[in-house]
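To keep things clear, I will list the structure first and then write my remarks on it.
Below, chains carry the letters A, B, ... as their sequence lines are ordered, and counting in each starts from 1.
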Number of protein chains: 2
Amino acid sequence: MARPRTAPRTVDHPDLAQVDLQQVMEALVDPVRRMVVSQLARKGEDMSCGTFEAPVSISTLTHHFNVLREAGVIRQYYVGVTKMNTLRADEMEERFPGLLPAVIAACAAETGSGVD
Amino acid sequence: MARPRTAPRTVDHPDLAQVDLQQVMEALVDPVRRMVVSQLARKGEDMSCGTFEAPVSISTLTHHFNVLREAGVIRQYYVGVTKMNTLRADEMEERFPGLLPAVIAACAAETGSGVD
DNA sequence: CCATTACTTCGACGACAGTCGTAGTATAGA
DNA sequence: TCTATACTACGACTGTCGTCGAAGTAATGG
């Protein structure tokens, strides 16, 4: 019989018009979340939740993905049992011009050069 | 006789090279501190601590100025009994290109339009 | 139907940031 | 020398955020 006795898993995303600067700043102030954004930007393609490098547990990482998604920074969707992540770069650019690129560039500059 | 039995009040500022993104993000994530930065950018000239509008007490405001200064966002200097504040915009631009302007623009966009 | 994989939810805990009022300090002026 | 002004330093309090592990849920494959 039909297997899907529940609807396919969906994810809610805010319209960027209803996201304010405070929310985005709070999302981007956490170093782990910036690592996520940075890796996403660096890779240039969608990544599943399990493929990120971060010095925290899986459940904590889930929390960080939620914060980023609710701030409109990333978009998430399921592919089978895995959850994919994408930067909402274009939309963010329209809403907060220059902000995300500046942060990403700063991340890259810090992790790229041998600062430590 | 010579009155200055103490050296004139001075203020310490970090070299921007030794300020990291985390510190700047933490400085800019607080809405009161963004108000300070925003007013400084809007005014376009140095402002004394007492001339800022913020919904907090004076002592709290002092704390916010300290955070901004230690993050390299503002420069402070005494003029008699008042303390002046100025944005380190050019230096910040060199250290974290685009970051401060993006935040300032976002602040202006939010406070400018009748969002609430 | 069952096991596995991949992620989520929950509750608890610890740390720390923002806030205040009070008391203190440096400068200017009388 | 004394007072007023403008800001600072300190200690206390509070709320919130990041963190974890354990238990839960949904899809996939056998």
[X] vs [N]: side-chain N/O to OP1/OP2 distance below 4.0 Å:
X       : N      : answer
B:Tyr78 : D:dT8  : yes
A:Arg9  : C:dT8  : no
A:His64 : D:dT19 : yes
A:Thr60 : D:dG18 : no

Among the candidates [options], find the nucleotide nearest to the side-chain atoms of [X].
X       : options                : value
B:Ser57 : D:dC7, C:dG18, C:dG21  : C:dG21
A:Cys49 : D:dA27, C:dC7, D:dA6   : C:dC7
A:His63 : D:dT19, C:dG18, C:dC20 : D:dT19
A:Val81 : D:dC7, C:dA6, D:dC20   : C:dA6
B:Thr62 : D:dG18, D:dT8, C:dC7   : D:dT8
B:Lys83 : D:dT8, D:dC20, D:dA26  : D:dT8

Subject >> Short side-chain to backbone donor-acceptor contact, B:Gln22 and A:Val29, under 3.5 Å >> reply: yes
Atom-pair distance ([atom1] on [X]; [atom2] on [N]), nearest Å:
X       : N      : atom1 : atom2 : answer
B:Asn85 : D:dA6  : CG    : P     : 15 Å
B:Arg69 : D:dT8  : CZ    : C1'   : 10 Å
A:Met84 : D:dA27 : CE    : P     : 17 Å
A:Met25 : D:dC17 : CE    : C1'   : 16 Å
B:Leu61 : C:dA17 : CG    : P     : 18 Å
B:Gln22 : D:dC17 : CD    : C1'   : 13 Å
B:Phe52 : D:dA6  : CZ    : P     : 15 Å
A:Arg33 : D:dT19 : CZ    : C1'   : 12 Å

Original post:
Are A:Thr86 and A:Ile74 side-chain neighbours, meaning at least one heavy-atom pair lies under 4.5 Å?
Top reply: no
Original post:
Looking at side-chain heavy atoms only, is the closest gap between A:Val11 and A:Arg69 below 4.5 Å?
Top reply: yes
Subject >> Which residue lies more 5' along DNA chain D, comparing A:Gly80 with A:Glu26 via nearest heavy atoms >> reply: A:Glu26
**OP:** May I ask whether B:Val24 and A:Met35 are part of the same hydrophobic cluster, defined by side-chain heavy atoms of I, L, V, M, F, W, Y residues being less than 4.5 angstrom apart, directly or through others?
**Re:** no
Original post:
If Ile, Leu, Val, Met, Phe, Trp and Tyr residues are connected whenever their side-chain heavy atoms lie under 4.5 Å apart, and connections chain through other members, are B:Val67 and B:Val32 in the same group?
Top reply: no
**OP:** Kindly say whether, by distance alone, the side chain of A:Ser59 makes a donor-acceptor pair under 3.5 Å with the base of D:dG21?
**Re:** yes
**OP:** Check every strand shown and say whether A:Ile58 touches a base, only sugar-phosphate, or nothing at a heavy-atom separation below 4.0 Å.
**Re:** base
Subject >> Atom CG of B:Asp90: over 12 foreign heavy atoms under 6.0 Å >> reply: no
